[in-house]
Amino acid sequence: MRHLALVLTGALALALTGCGGEESDPADLSVSGAYMPQPVSDMAAGFLTIANKGDRDAELTGVTSDLGEVTVHETVGQSMREVSSLDVPAHGTLVLESGGSHLMFDKLRRKPREGQTVSLTLRFTGHDPIEVELPVKPATYRPTSGN
Ligand code: CU
């Protein structure tokens, strides 16, 4: 369903852009809705949305944090697997959410608690790195909307 929405968003953006010719604007990325449920083991998950207002696709290629090792996971059926990159399409979003793609923190050096924040750096092709502060939420926290 989410993929369909992304495709439709892309088609709409294309229609609105019309025949304006080749744009060379770089990717224009922003991060919203970032949080980490308070970890209950030595692993933790991180969720956020990356929007690309630019005309060029970007790719999330790596994440680092002083909290521990971070990998990017996608969920396939009931299981999850590590991926080397995820697309942030031009005029689209990359949504990392519970039950879908997410950031996975492993070998935690400390156990962050609700009310604290965790810093991380997102690395991309086609865009400078972005520093993000993840507020730590209750373990059962769910965002109230997709935004
Ligand atoms: Cu995972």
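Counting starts at 1 for both ligands and their atoms, following the listed order. Excluded from the calculations below are hydrogen atoms, water molecules and symmetry mates; all remaining heavy atoms, backbone and side chain alike, are included.
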Exercise. Would Thr75 count as a contact for the Cu ion (ligand 1), in the sense that one of its N, O or S atoms lies under 2.8 Å from it?
Worked result: no
Exercise. Does Met104 bring an N, O or S atom to under 2.8 Å of the Cu ion (ligand 1)?
Worked result: yes
Exercise. With a 3.5 Å cut-off and no angle check, do the side chains of Glu59 and Ser85 form a donor-acceptor pair?
Worked result: yes
For this session: Report yes or no: do Phe105 and Leu122 belong to one cluster of Ile/Leu/Val/Met/Phe/Trp/Tyr joined by side chain heavy-atom distances under 4.5 Å?
Result: yes
Exercise. Under a single-linkage definition using a 4.5 Å side-chain heavy-atom cutoff for Ile, Leu, Val, Met, Phe, Trp and Tyr, are Ile50 and Phe47 assigned to the same hydrophobic cluster?
Worked result: no
Problem set entry | Closest approach to the Cu ion (ligand 1) by His73, given as the N, O or S atom name | ND1
Exercise. Is the count of non-hydrogen atoms from other residues, nucleotides or ligands lying under 6.0 Å from Arg110 atom CZ greater than 12?
Worked result: yes
